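Any value given below was found using the heavy atoms of this structure, including those in side chains, with hydrogens, waters and symmetry copies removed. Given the structure is predicted, the values throughout are model-derived calculations rather than measurements. Residues take their numbers from the sequence shown, with the count starting at 1.
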Amino acid sequence: MKHKIELLAPARDYEAAVAAIEAGADALYMGGARFGARVAAGNSLEDIARVVRYAHRFGVRVYCTLNTLLFDQELVAAEKQARELISVGVDALIVQDMAFRRMNLPTELHASTQTNNVDPEGVRFLAECGFSRVILERGLSIEEIRAIRRATDAELECFVHGAICVGSSGRCFLSRSMTADRSGNRGACSQPCRLSYDLINERGEKILAGKHLLSVRDMNLTARLGELMDAGICSFKIEGRLKDTTYIRNVVAWYRAAIDRELALRPHLERSSVGRSVPDFTPDPAKSFTRGFSEYMYSGRTTYVASFDTPKAVGEYVGRIVKCDRRGFLLDRDHTLAAGDGICFAGRGTNVNRVEGRRVEPNRMEGIEPGMELFRNFDRLFTQQLERSRMRRQIPIRMVVQLAEDHLRITATDCEGISYSVEHQGPFEAAQNSEKMRSTLQQQLSKSGDTIFKVEEVEILGSPRFLQASLLAELRRRLLSGLEQKREQCPFVHDIRPESLAPRHPKRALTAEENVTNRLAEAFYRDHGVEQIARGLDLAPSTLGQRVMRSPYCIRREIGQCLKKNPTLKGELYIEHGAFRYRLHFDCKRCEMSLIHENRR
């Protein structure tokens with residue numbers, strides 16, 4: 001059998017789910033009413049059931065995120081929601097808390113990136129415990145991914161596009177350190193990594209002031225998809241459960257085309273759903289929300305991944321400003337800017353009022369100077385194209401018409417071999433003009449209207465008989481409706497694995513950072529050989545004195561002061577934002593930076 005490759009898209013709600021499916025997604029992930037890592041992207045059970053029905057017609061799977069930490073008093077409600085989601089047909093649950101592993105749920109469990117999946121030992125353990133898929137940490141290199149693949153047979157999923165959590169997933173408490181009830185592990189991250197900070201040395205001197213020192217660019221691994229397929233990744237995930245439908249259409253359509261190009265070069269692989277999507281626009285991820293792109297740590301620990309000047313959308317590069325006057329500026333190249341576009345420069349932005357050749361007149365000139373690089377972060381015409389898009393996804397089918405004097409049978413078969421037939425009893429008169437009747441049959445049965453099908457071939461067996469157009473229309477309607485219902489009823493194959501108690505956890509002791517916050521999770525780890533379990537940090541009244549972030553990203557490395565390269569900047573470093581102060585700890589052996597929460601002096 002060929003290995004299945006999946007393009008996994010986010011869905012904030014039903015509308016976004018439909019947009020992702022029409023653009024070519026093979027699977028969706030979305031949140032239920034509670035216990036998802038994006039509180040603002042929750043959905044009712046009824047809406048999720050609607051998404052499942054719509055998605056399953058195309059073979060598209062639906063995964064629900066229950067990927068927050070649970071407290072003891074929430075266990076009953078969390079299990080109730082999990083079972084309700086399973087009852088409406090979701091194909092897997094994405095979870096962080098090991099309490100779900102103890103609930104004997106009849107569904108696939110996918111280990112969220114929040115379980116901090118960074119090494120072969122940890123991923124192997126989760127797979128042996130019954131997780132059918134493990135979602136990898138965003139900060140891994142291709143070599144680290146290959147090492148994990150060699151360690152397990154579980155499906156591996158990785159992010160390929162969108163916002164990057166600078167802190168290692170599941171090991172970030174920065175939001176909670178600033179606001180007690182805004183924990184990232186509880187679905188309420190306030191995104192403090194996007195704030196501005198001062199970089200302070202141990203003498204209290206400011207090295208950098210008012211910079212977004214923890215804000216990193218967005219991920220774009222378009223150029224690495226084939227390499228990731230060869231490394232054993234089966235699911236390619238787009239971040240963005242809070243993004244709107246225009247973003248979803250554009251980015252999903254972009255990755256659909258990119259993945260299909262790589263699949264065409266690998267006959268042993270195939271996409272995991274069906275249906276062809278033909279965009280009525282030219283996809284371009286640079287025209288949707290982006291802080292600028294990088295491949296983050298894909299090729300190893302590297303620089304130029306930060307976005308110090310702004311955490312907001314930067315967009316696509318337009319050119320360099322060469323001349324300014326009171327009302328406008330001149331660019332160094334031809335461009336496609338138009339009135340109504342949004343432009344960005346040096347972390348600031350405005351709108352375009354008028355364009356004449358290379359000259360641009362913005363809404364305001366404040367802050368614009370010669371030599372600045374200019375970006376477009378809102379393309380008005382392109383956004384209108386996305387909003388007006390009528391892109392549809394259709395499943396190719398062929399029809400066979402069997403004609404006899406007293407009997408008519410039409411069979412439709414889709415690209416997966418699923419068939420449905422309708423019949424009508426005669427007698428039927430002989431056609432006066434056989435060729436004309438044959439053409440009419442071809443024409444009438446090739447219509448698919450607003451259904452999910454596209455008729456690619458109509459084969460007529462037997463001598464054409466006279467058939468009224470109204471009869472053919474009714475038979476076609478019944479045929480396509482019946483085939484669609486049959487597709488909905490086709491069972492999906494799921495890899496549901498029970499928990500095995502045999503595997504031993506790689507660690508004998510778990511720290512507060514590893515966040516065991518309820519009795520079921522504690523029992524899970526003890527049954528797998530963990531002897532000491534600290535109370536999870538999300539249960540603590542304060543994070544003062546605690547490590548609140550680990551990251552493969554390093555401020556020293558980013559500013560050219562890596563400790564491995566004889567830096568001029570010596571001693572302890574701190575970052576400060578308002579009343580909050582964090583000491584930077586550098587583990588050069590692991591090439592990792594940590595933030596320690598400290599009081600302001």
Side-chain angles (χ1 to χ4, degrees), residues 6-30 41 43 47 50-62 160-163 218 220 222 225 236-261 271 273-290 293 313 315-316 336-342 351-352 376-396 447-456 480 484:
E6 174 184 279
L7 172 57
L8 177 55
R12 176 174 186 157
D13 50 26
Y14 178 80
E15 183 183 3
V18 171
I21 292 167
E22 296 298 336
D26 298 310
L28 307 172
Y29 66 102
M30 61 190 308
N43 292 275
D47 280 348
R50 288 176 67 203
V51 170
V52 168
R53 288 193 298 271
Y54 192 87
H56 280 187
R57 296 182 302 174
F58 295 96
V60 170
R61 296 179 181 245
V62 179
V160 293
H161 193 91
D218 291 350
N220 185 333
T222 302
L225 297 175
F236 297 85
K237 189 171 196 170
I238 297 168
E239 181 275 337
R241 279 199 292 135
L242 298 180
K243 298 295 198 301
D244 61 21
T245 55
T246 58
Y247 178 96
I248 298 299
R249 282 194 189 100
N250 183 28
V251 176
V252 173
W254 171 268
Y255 276 90
R256 177 74 275 152
I259 286 175
D260 286 346
R261 287 194 296 270
R271 66 179 293 191
S273 69
V274 297
R276 296 173 186 162
S277 304
V278 180
D280 48 7
F281 57 91
T282 302
D284 183 352
K287 290 182 177 293
S288 287
F289 184 100
T290 173
F293 292 128
E316 56 184 322
T336 58
L337 286 174
D341 285 354
N351 298 320
V352 174
R376 172 165 52 188
N377 58 9
F378 177 72
D379 186 327
R380 183 179 63 84
L381 296 177
F382 182 73
T383 302
Q384 284 182 351
Q385 273 190 296
L386 292 175
E387 291 172 343
R388 297 170 181 172
S389 173
R390 295 294 178 265
M391 178 170 47
R392 291 175 56 222
R393 179 170 177 166
Q394 292 183 302
I395 299 171
K447 298 176 181 178
S448 57
D450 60 355
T451 71
I452 64 171
F453 301 110
K454 180 176 177 59
V455 182
E456 295 199 330
L480 297 181
E484 185 173 320

Donor-acceptor pair, distance only, cut-off 3.5 Å: does the side chain of Arg393 make one with the backbone of Ala25?
yes

If I compare all heavy atoms of Phe281 with all of Met391, which pair ends up nearest, and what's the gap?
CE2-CE, 3.8 Å

Nearest atoms (heavy-atom pairs only) where Phe58 meets Ile21:
CD1-CG2, 3.8 Å

Do Val51 and Leu28 have side chains that get closer than 4.5 Å, going by heavy atoms?
yes

Do Asn220 and Pro285 come close enough that some side-chain heavy atom pair is under 4.5 Å?
yes

Give a yes or no on whether a salt bridge exists between Arg392 and Glu22, defined as a side-chain N under 4.0 angstrom from a carboxylate O.
no

What are the two closest non-hydrogen atoms of Val252 and Ala9, and how far apart are they?
CG2-CB, 3.7 Å

Polar side-chain atom of Ser448 near backbone of Phe453 as donor-acceptor pair, under 3.5 Å:
yes

Out of Asp379, Thr383, Asn250, which one pairs with Lys287 under the side chain to side chain donor-acceptor pair (under 3.5 Å) rule?
Asp379

Rounded to the nearest 0.5 Å, how far does CZ of Phe382 lie from OG1 of Thr246?
9.0 Å

Calculate, to the nearest 0.5 Å, the distance between atoms CG and CE belonging to Asp47 and Met30 respectively.
7.0 Å

Side chains of Arg256 and Leu7 in contact at under 4.5 Å (non-hydrogen atoms)
yes

Specify the closest pair of heavy atoms between Ala258 and Leu225, including all atoms of both residues, with the distance to one decimal.
CB-CD1, 3.6 Å

Roughly how far apart are Leu386 CG and Thr245 OG1, rounded to 0.5 Å?
8.5 Å

Evaluate Ser288 against Arg249 for side-chain hydrogen bond (donor to acceptor under 3.5 Å, both in side chains), listing each step before the verdict.
CA-CA 10 Å; Ser288 287; Arg249 282 194 189 100; over 6 Å; no

Indicate yes or no: at least one non-hydrogen side-chain atom of Val251 is less than 4.5 angstrom from one of Pro283.
no

Distance alone, cut at 3.5 Å: any donor-acceptor contact between the side chains of Ser273 and Arg61?
no

Taking Ala11's backbone N and O only, do any of them form a donor-acceptor pair with Arg241's side chain (distance below 3.5 Å, no angle check)?
no

Answer yes or no: is there a side-chain heavy-atom contact under 4.5 Å between Leu8 and Asp26?
no

Donor-acceptor under 3.5 Å (Asp280 side chain, Arg390 main chain):
yes

Relative to Tyr54, does Arg57 satisfy both conditions: NZ or CZ under 6.0 angstrom from the six-membered ring centre, and within 45 degrees of the ring's axis?
yes

Basic-acidic side-chain contact under 4.0 Å: Glu456, Arg276:
yes

Side-chain ion pair, Arg380 and Asp341, N-O less than 4.0 Å:
no

Quick one, Arg376 and Leu337 - any side-chain contact, counting heavy atoms below 4.5 Å?
yes

Any heavy-atom pair between the side chains of Asn377 and Phe289 that's under 4.5 Å?
no

Looking at Ile248 and Ala16, what are the two nearest heavy atoms and their distance?
CG2-O, 3.9 Å

Just by modelled atom types, is the Val160 backbone N or O under 3.5 Å from a matching donor or acceptor in the Tyr255 side chain?
yes

Keeping Gln394 on the side-chain end and Ile452 on the backbone end, is there a donor-acceptor pair under 3.5 Å?
no

Classify the ring geometry between His161 and Tyr247 as parallel (under 30°), tilted (30 to 60°) or perpendicular (over 60°).
tilted

